[in-house]
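Just so you know, these numbers come straight off a predicted model, no measurement behind them.
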Amino acid sequence: MNDIICLVDCNNMFASCELAFRPDLRGRPVVVLSSNDACCIARSYEAKALGIKMAQPYFQVRHFEKTKGLIAFSANFTLYTDMSQRIVSILEKFSPDVSPYSIDESFCVLPSLNNMNLEHIGKQIRGAILKQTGIGTGVGISTTKTLAKLANNAAKKFPKSGGVVDLVTDPNRRERMLAVMDINEVWGVGKALTAKLTAMGVNTALDLSKFGETAAKTQFSVVLARTVSELNGIPAIPADDTVVVNRQIIASRSYGEKIFDKETVFSSIVHHVSRGVKKLREQGAVAYSISVTIGTNANSSIDKQYQNAGTCRTAVGSDDLKTFTELARKALDQIWREGFPYAKSGITINDITPKSNVQNDLFDLPTEPEDKKSEAVQSVIENINNRYGLGSAVVASHKQGGDWQPKSEQRSPAYTTSWADIPIVKA
DNA sequence: TCTGGGGTCCTAGGACCC
DNA sequence: TCTGGGGTCCTAGGACCC
């Protein structure tokens, strides 16, 4: 018998987190902004009703502050991550096998017992999360991840569902649901595929399920073939095999204002390298290459344009901050051009492998005392940064700070992770 | 004037090898 | 003038997701 897969997805996650601590704002349009207060990345129902789109630039909707009482928060990921972890612990009370898929959704395998009322369990899950965190969710239940995702979309689309759609108990319900869902609502079908498929007369999820796996594979790709299989209830996406090590680690930011100065750009890159290497070490991994990207604001019609990326490698896998900072410096030297109004920078760490996989071969040098020293220095730096915040201590001698930090002017307090910010209830 | 950031997987095509 | 065929590895870029 197939596993029963349940997808739990938070409604308007970031906006809901903010509202959970600001009940006084309920009923008002609320958005959460991306880094630099640039785009709307979460919207309350009321904000959606105003026609504000996902990732819409904030300057285009700011006028609603005056006319419609729109409230904007700068993104507060510390808060959202903490809330997300609370929700996962709630789910673990219902399922022995919870795999978080993103900050606002998790797949859970439900134990399959006879005569189990799946819809009832879905409602219990929703109720528990709402009661304990104040966040609304949708629940989709089926035998494949793709169907569970689609059922979840249907739960949100049709209020009559009460937020839970179960495709397991009544087998006919699958086909009825597929018939009313457009292909662009299917997980894995984006803009490009939607255009191609609709041109071929494939309009609904049901059409796609009948397209045929072979046709999908030959005319499109193995990815779409898997989707077709999953829509027919046959699992094709392998279970999450507890991959703890990322394939790549990215850290990038847009600047609060335009930067012309190389050393300021480098100081932003040093910051990104610190974040990236921290993540690499947390995963117990080493990496062999790092890319540095810099660029002007591609959306500007007046700025002189330049974008480029440079990559540097190390022959020996490393998780050393100093090593990667030096490599990043070299990469920046390769691509730097004077005289452009730089708007962003980033780094990508690639060729990552768990430390335990690295074998010392014939040509590897034995660990030198120098390496041990570097390791010790890095531990100290990490401790300082953990305690006082990233960037409090850095390795390379370079100009500190520089005016590149993104804007974040409307950040909410760290309600759940800082004693100083704990909300006070007046009763 | 003002347009985010962090990921995954797949594919095509070039380099290279025998 | 004629100019193999099959395989692997790597990389850049596309598509998609949240």
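- If A:Phe220 and A:Ile249 are placed on DNA chain B by their nearest nucleotide, the residue sitting closer to the 5' end is A:Ile249.
- When the P atom is compared between C:dC18 and B:dT3, the two are found 25 Å apart, to the nearest whole Å.
- In this model, the phosphate group of B:dT1 is not approached by any side-chain N or O of A:Arg62 to a distance below 4.0 Å at OP1 or OP2.
- Regarding contacts with the backbone of B:dT8, a side-chain N or O of A:Asn246 is found under 4.0 angstrom from either OP1 or OP2.
- If you check every strand for non-hydrogen atoms under 4.0 Å, A:Val61 touches nothing.
- Contact annotation: A:Lys258 side-chain N/O to B:dT1 OP1/OP2 distance is not under 4.0 Å.
- A salt bridge is absent between A:Lys123 and A:Asp166; no separation between the charged side-chain nitrogens and carboxylate oxygens falls under 4.0 Å.
- Side-chain proximity of A:Val223 to the nucleotides C:dC16, B:dT3, B:dC10 is greatest for B:dC10.
- For A:Gln60, the listed nucleotide lying nearest its side chain is B:dT3; candidates were B:dT3, B:dT11, C:dC18.
- OP1 and OP2 of B:dC9 both lie 4.0 Å or more from every side-chain N or O belonging to A:Arg226.
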Candidate pair A:Leu7 and A:Ile5, rule side chain to side chain contact (heavy atoms under 4.5 Å, CB included), full reasoning: CA-CA 7 Å; A:Leu7 177 72; A:Ile5 295 168; 5.8 Å; no

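- For the residue pair A:Ser95/A:Asp97, the side-chain donor-acceptor check at 3.5 Å is not satisfied.
- In this structure, A:Arg43 atom CZ and C:dC18 atom P are separated by 13 Å, rounded to whole Å.
- At least one side-chain nitrogen or oxygen of A:Asn297 sits closer than 4.0 Å to the OP1 or OP2 atom of B:dT3.
- Using cut-offs of 30° and 60° for the angle between ring planes, the A:Trp187 and A:Phe107 rings count as tilted.
- OP1 or OP2 of B:dG6 has at least one side-chain nitrogen or oxygen of A:Ser252 nearer than 4.0 Å.
- Within the 4.0 angstrom heavy-atom criterion, no nucleotide atom of any strand lies near A:Gln56.
- Taking side-chain N and O atoms only, A:Arg247 has no distance below 4.0 Å to OP1 or OP2 of B:dG6.
- Shown here, B:dC18 forms a base pair with C:dG5; the pair counts as Watson-Crick or G-U wobble because both key distances fall under 3.5 Å.
- Contact annotation: A:Ser35 reaches the phosphate of B:dG5 (side-chain N/O to OP1 or OP2, under 4.0 Å).
- Looking at the side chain of A:Ala55, the nearest of the listed nucleotides B:dT11, B:dG4, C:dC16 is B:dG4.
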